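What follows is one structure encoded as structure tokens, with my remarks underneath.
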There are 2 protein chains.
Amino acid sequence: MLNEVTLKDIARETGLSVNTISRALRDKPDIGKTTKILVAHVATDLGYTRNALASQLRTKESRILGLIVTDIVNPVFSGMTKGVEAVAKREGYAVLLSDTGEDPDSEEQAINMMLEKRVDGMIITPTQKRPETIVRLKERGFPFVLMGRSFEGIQANSVVNDDVRGGFLATDYLIAKGHRRILFLGGEPQISSAVKRMAGYRQALERRGLPFVPEMVVWGAPSLEGGYDKAKELLSTGKADLSAIFCFSDLVAIGVMLALRELGVGIPEEIALVGYDDIKFAPALHPPLTTVDICKYRLGEKSAELLIAQLKLPPSKRMLQEVILEPRLVVRSSA
Amino acid sequence: MLNEVTLKDIARETGLSVNTISRALRDKPDIGKTTKILVAHVATDLGYTRNALASQLRTKESRILGLIVTDIVNPVFSGMTKGVEAVAKREGYAVLLSDTGEDPDSEEQAINMMLEKRVDGMIITPTQKRPETIVRLKERGFPFVLMGRSFEGIQANSVVNDDVRGGFLATDYLIAKGHRRILFLGGEPQISSAVKRMAGYRQALERRGLPFVPEMVVWGAPSLEGGYDKAKELLSTGKADLSAIFCFSDLVAIGVMLALRELGVGIPEEIALVGYDDIKFAPALHPPLTTVDICKYRLGEKSAELLIAQLKLPPSKRMLQEVILEPRLVVRSSA
DNA sequence: CTGTTAGCGCATTCAT
DNA sequence: ATGAATGCGCTAACAG
């Protein structure tokens with residue numbers, strides 16, 4: 001940046017004081033109408049761009065929100081990101097993005113970086129592999145909201161989908177369709193959403209008087225690759241006895257689909273499949289995927305709204321809020 | 001943020017000067033080993049977090065890169081974003097993200113916001129609906145690189161896929177498979193990548209001695225919805241005479257797939273389909289999509305690398321670079 | 001090796 | 001309605 005036009009330059013040009021320029025540009029009431037017009041004119045004339053860094057140093061407000069996700073390529077998170085970005089923009093905030101790749105070191109590093117950059121608040125999808133990181137942030141009194149995942153033991157602002165309910169919906173649907181041997185597949189057991197979806201799965205089983213068999217719960221990486229690998233591992237031995245799989249996510253389900261196709265297993269005739277998230281591509285899959293919609297975009301919007309609402313309050317008046325959004329079963333043809 | 005521990009606090013605590021603290025924390029060579037250890041200790045003790053805003057005001061380096069994409073939910077852009085973020089992080093930069101939704105006003109607003117925030121440089125996927133916005137940025141001497149799209153008339157740093165080549169590859173493959181009536185579908189004619197892919201399409205036709213029929217080129221929104229709408233519009237009348245469609249993007253192709261399925265048209269028996277981008281879900285589609293891989297992640301990485309390399313150079317030594325990455329045809333079963 | 005002095009660009013007192 | 005003085009937290013130039 002060569003173009004360092006400052007308030008001082010405008011002041012010199014107009015013969016006014018720096019102070020007056022500053023106030024005029026921010027449209028303060030105690031500046032004359034004509035002065036404002038003059039100043040605005042000269043400012044654009046000189047190509048002035050206000051230095052947010054400098055003003056932030058004074059006002060102690062960066063008007064930046066930190067957003068930390070575990071994988072921006074995952075449609076669930078990119079959907080949430082879009083929601084966050086939209087309301088941030090609407091409310092005059094910029095978004096600093098960081099992708100942790102589910103790595104706790106990267107998560108910690110991202111948080112520190114954002115603290116240094118003095119973001120006003122953060123929206124975080126925690127890896128949940130090192131809760132202390134989040135605890136520290138909380139103890140510090142720093143404003144943040146957890147998005148999509150929350151901790152059992154840590155009270156914090158959070159916006160999540162009702163995962164237990166969603167897990168119930170999916171499983172209950174499979175049972176109603178006559179399935180008795182249903183596998184729950186995917187997600188790591190420290191991820192809250194995975195555990196909750198599994199809890200919903202278990203709940204549905206028990207409500208219908210079906211036994212909960214621990215061996216029918218298989219954890220794995222919450223990704224396409226994770227689903228593929230686990231499905232291959234389980235089914236290629238040929239001894240798995242099941243008629244349906246409820247997957248932690250659509251991504252996992254896609255991995256399973258790919259594996260089943262390779263193994264020549266028919267969906268849903270031989271094995272029925274239900275995913276979770278309702279990503280945009282779910283209807284275009286082979287076959288179209290039955291899944292649970294979590295309204296990713298809304299989740300992102302809500303997270304940003306909650307955070308910004310908190311920021312507007314004086315710290316003493318901020319009360320923790322946990323927002324839970326309702327999921328919705330979307331029946332297509334994979335189950 | 002209550003926790004406003006500053007250098008001054010550490011200085012008071014250690015009895016050293018603010019300056020020494022500053023230098024010690026930045027590990028400058030002219031500070032004693034023991035002093036450094038002491039300072040580091042007191043700093044963590046007090047819970048010091050350096051105020052990047054303040055230091056940036058002095059050094060005139062924000063260590064922030066602006067990233068402007070047209071749709072973060074599009075796997076192409078989220079893939080690029082991941083690449084950008086990875087090298088930015090590696091090189092010590094943070095990423096400020098903005099999503100324009102292909103809207104030129106939003107694009108302009110995003111650029112101005114980032115200018116105010118004093119990002120060191122920007123990586124932009126331009127909407128190409130208002131080239132002046134980019135021209136102004138260039139005239140200002142501000143460092144930026146265009147990612148995925150470039151302007152005919154504007155010399156600028158850019159990292160793009162060889163779209164002409166990719167369009168050629170896709171079309172030539174279809175021709176080799178015996179198709180003679182091939183439709184090019186999707187993308188807006190101001191988007192450089194769309195025009196170039198079409199040029200490649202045309203080139204393949206002509207090289208094979210096939211006529212280029214203007215009516216066989218149909219523009220539309222570069223999205224799933226755009227593909228769906230156009231396909232419905234074209235085929236539901238039943239008078240379209242074609243055996244294959246080369247789509248601007250995989251997203252468009254998915255839209256077309258959905259439309260064809262509704263219309264009961266078989267893929268690839270009745271109409272063959274080729275996409276572009278090779279998004280992660282392409283192999284899981286119904287049927288698995290034949291497409292052109294553009295290495296999104298690499299494109300993002302390369303863009304960030306190029307930008308950062310420029311930033312390291314003194315402004316006078318910066319030379320414009322246009323990087324073109326090679327695409328690759330990925331044959332699956334939709335064509 | 002360490003301290004003193006100065007100032008980045010802006011916004012906030014307090015005067016006038 | 002406008003100006004002068006002050007300082008946000010940090011780094012850089014220069015002493016010593």
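For the numbers below, each heavy atom of this structure counts, side chains included, while hydrogens, waters and symmetry mates do not. Per chain, numbering begins at 1; letters A, B, ... match sequence-line order. Note that the structure is predicted; figures quoted are calculated from it, not measured.
- Protein chain A touches strand DNA chain C; the 5'-most and 3'-most nucleotides with an atom under 4.0 angstrom of its non-hydrogen atoms are C/dG9 to C/dT13.
- Annotation: salt bridge (charged side-chain N to carboxylate O under 4.0 Å, His left out) contacts of B/K36 (sequence neighbours excluded): B/D27.
- Residues passing the salt bridge (charged side-chain N to carboxylate O under 4.0 Å, His left out) test with B/D105 are B/R130, sequence neighbours excluded.
- Remark: B/Q155 engages B/K138, B/L320, B/E322 in a side chain to side chain contact (heavy atoms under 4.5 Å, CB included) (not counting sequence neighbours).
- Residue-level contact check: A/L16 touches the backbone only, with heavy atoms under 4.0 Å from sugar-phosphate atoms and none from bases.
- Rounded to 10 degrees, the angle between the two end axes of the helix from C/dC1-D/dG16 to C/dT16-D/dA1 is 30°, with five pairs used at each end.
- Partners of B/S22 under the side-chain hydrogen bond (donor to acceptor under 3.5 Å, both in side chains) rule, at least two apart in sequence or in another chain, are B/R26.
- In this structure, the salt bridge (charged side-chain N to carboxylate O under 4.0 Å, His left out) partners of A/R12, at least two apart in sequence or on a different chain, are A/D9.
- With sequence neighbours left out, A/D120 forms a salt bridge (charged side-chain N to carboxylate O under 4.0 Å, His left out) with no residue at all.
- Partners of A/S223 according to the side chain to side chain contact (heavy atoms under 4.5 Å, CB included) rule, which considers only residues two or more places apart in sequence or in another chain, are A/A221, A/E225.
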Which donor-acceptor pairs under 3.5 Å do the side chains of residues 83-93 of chain B make with protein atoms, sequence neighbours left out?
residue : atom : partner : partner atom : Å
B/E85   : OE2  : A/S98   : OG           : 3.2
B/E85   : OE2  : A/D99   : N            : 3.2
B/K89   : NZ   : A/D99   : O            : 2.8
B/K89   : NZ   : A/S106  : OG           : 3.2
B/E91   : OE1  : B/K312  : NZ           : 3.2

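- Shown here are the side chain to side chain contact (heavy atoms under 4.5 Å, CB included) partners of B/L96, two or more places apart in sequence or in another chain: A/I64, A/A94, A/L96, B/I64, B/M113, B/M114, B/K117, B/V119.
- Counting non-hydrogen atoms of neighbouring residues, nucleotides and ligands closer than 6.0 angstrom, the NZ atom of B/K82 exceeds 12 such neighbours.
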Query - Letter per nucleotide, 5' to 3', of nucleotides 8-16 of chain D [B base touched, S only sugar-phosphate touched, - untouched; heavy atoms, 4.0 Å] - result: BBBBBB---

